[in-house]
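Structure first, then comments.
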Amino acid sequence: MTPALFTPIQVGHMNLSHRLVLAPLTRCHAHGTHIPGPHAATYYAQRASVPGSLLISEATFISQAAGGRDFVPGIYTQEQIQEWRKVTDAVHDKGSFMFCQVRAFGRTASPEALAKENLPLVSASPIPLSARPIPVPHALTEPEIRSYIASFATAGRNAIEAGFDGVEIHAANGYLID
């Protein structure tokens, strides 16, 4: 008898050949402009080598304002979308599927990385992350919250344009919507 973990399953429009999923792994191999690096397509294609696999991308910024780490990819410019398209094409060429995990760092962002891009540290409230000493974040106003909501929606559309088969919102670890 085959363990359920290794049996096929239908997930939405995807016929997966097994129930193992590549979890999102922070790679930090993007360019300084948050464009996926030159090895991203190879990296993900290698992990898609069994047809019918599902991969979830590393957490990807929804907008420049939602960033706060160096060398992490985004999905808010045409250049980023074009590079992600090379990645999803490589995964699809292997007969596999890929979701884009999107996030907004919020109060977990690196103040140093934000300073490089002249961005403020933000959160839903002026409560800093207790895990490490950081400045008190700016509490987003209602119009700013609406802007982040729109950025999440745009990131989802951009992910589909880039060839992703779905989108996952990262909402843990003190990120903006956690």
Side-chain angles (χ1 to χ4, degrees), residues 1-31 34-69 71-106 108-109 124 145-178:
M1 184 169 141
T2 303
L5 189 61
F6 299 105
T7 60
I9 187 170
Q10 174 86 27
V11 178
H13 69 281
M14 301 174 298
N15 290 312
L16 303 180
S17 61
H18 52 81
R19 298 164 191 230
L20 300 171
V21 176
L22 175 72
L25 304 166
T26 302
R27 305 296 309 142
C28 294
H29 289 159
H31 294 284
H34 306 294
I35 295 171
H39 304 295
T42 301
Y43 170 82
Y44 285 108
Q46 288 170 340
R47 282 136 189 91
S49 60
V50 174
S53 293
L54 175 59
L55 288 65
I56 303 175
S57 76
E58 60 204 283
T60 303
F61 296 147
I62 61 168
S63 67
Q64 183 178 10
R69 289 276 191 277
F71 309 111
V72 173
I75 193 147
Y76 53 89
T77 70
Q78 279 304 307
E79 294 83 8
Q80 293 163 347
I81 294 166
Q82 290 167 359
E83 287 304 308
W84 275 120
R85 173 55 86 166
K86 293 175 186 175
V87 173
T88 60
D89 285 349
V91 168
H92 293 148
D93 287 348
K94 297 284 187 170
S96 290
F97 305 94
M98 189 166 184
F99 277 29
C100 182
Q101 186 186 71
V102 295
R103 75 168 160 201
F105 260 128
T108 67
I145 292 169
R146 282 192 282 281
S147 176
Y148 272 89
I149 292 169
S151 292
F152 271 104
T154 298
R157 286 189 295 275
N158 290 347
I160 299 306
E161 181 182 338
F164 286 97
D165 299 291
V167 177
E168 175 185 273
I169 297 175
H170 196 337
N173 306 324
Y175 297 154
L176 188 58
I177 63 171
D178 178 19

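From a predicted model like this one, the values you see are computed outputs, not experimental measurements.
- Pairing each heavy atom of Ala41 with each of Ala90, the nearest pair is O-CB, 3.8 Å.
- Summarising the geometry of Ser151 relative to Ser63, their closest heavy-atom pair is OG-CB, 3.9 Å, with the distance given to 0.1 Å.
- Phe61 and His34 have perpendicular rings, their planes meeting at more than 60° on a 0 to 90° scale where under 30° would count as parallel.
- Side chain to side chain, His170 and Asp178 fail the donor-acceptor criterion of an N or O pair below 3.5 Å.
- Listed here is the closest heavy atom pair of His13 and Asp165: CE1-O, 3.4 Å.
- Arg27 places a side-chain heavy atom less than 4.5 Å from the side chain of Tyr43.
- In this structure, the side chains of His29 and Pro38 stay at 4.5 Å or more apart for every pair of heavy atoms.
- For the side-chain contact (heavy atoms from CB on, under 4.5 Å) test with Leu16, the passing option among Ile9, Val50, Thr7 is Ile9; the others fail.
- The shortest side-chain heavy-atom distance between Pro73 and Pro36 falls under the 4.5 Å cut-off.
- Looking at Tyr76, its side chain never comes within 3.5 Å of a backbone N or O of Ile81 through a donor-acceptor pair.
- A donor and an acceptor atom, one from each side chain of Tyr44 and Glu58, are located under 3.5 Å apart.
- When all heavy atoms are compared, the tightest approach of Ile169 to Phe152 is CG2-CE2, 3.8 Å.
- Centroid-to-centroid, the aromatic rings of Phe105 and Tyr175 come within less than 6.0 Å.
- Residues passing the salt bridge (charged side-chain N to carboxylate O under 4.0 Å, His left out) test with Arg157: none are found, sequence neighbours excluded.
- Listed here is the closest heavy atom pair of Arg69 and Ala109: NH1-C, 3.3 Å.
- The nearest pair of heavy atoms linking Leu176 to Ala124 is CD1-N, 3.9 Å.
- Put simply, the side chain of Asn158 gets close to the backbone of Ile75: a donor and an acceptor are under 3.5 Å apart.
- The shortest side-chain heavy-atom distance between Met14 and Leu54 falls under the 4.5 Å cut-off.
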Residues His18, Leu5; criterion side chain to side chain contact (heavy atoms under 4.5 Å, CB included); working and verdict: CA-CA 6 Å; His18 52 81; Leu5 189 61; over 6 Å; no
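- Heavy-atom neighbours of His31 NE2 from other residues, nucleotides or ligands within 6.0 Å: above the threshold of 12.
- You'll find the side chain of Thr154 stays beyond 4.5 Å of the side chain of Ile62, heavy atoms only.
- For the pair Trp84 (side chain) and Gly74 (backbone), a donor-acceptor distance under 3.5 Å is present.
- Side-chain atoms of Leu20 and Phe6, non-hydrogen and from C-beta on, do get closer than 4.5 Å to each other.
- Once rounded to the nearest 0.5 Å, the distance linking SG of Cys100 with CZ of Phe164 reads 4.0 Å.
- No hydrogens or angles considered: nothing links the side chains of Ser53 and Arg47 as a donor-acceptor pair under 3.5 Å.
- Taking the salt bridge (charged side-chain N to carboxylate O under 4.0 Å, His left out) definition, one finds that Glu83 meets it with Lys86, sequence neighbours left out.
- A search for side chain to side chain contact (heavy atoms under 4.5 Å, CB included) contacts involving Ala48 returns Leu55, Val91, Lys94, Ser96, not counting sequence neighbours.
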Assess whether side chain to side chain contact (heavy atoms under 4.5 Å, CB included) is satisfied between Ser57 and Met98, documenting all intermediate values. CA-CA 7 Å; Ser57 76; Met98 189 166 184; 3.7 Å; yes
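- Val102 has its side chain within reach of Val167: a pair of non-hydrogen atoms, C-beta onward, lies under 4.5 Å apart.
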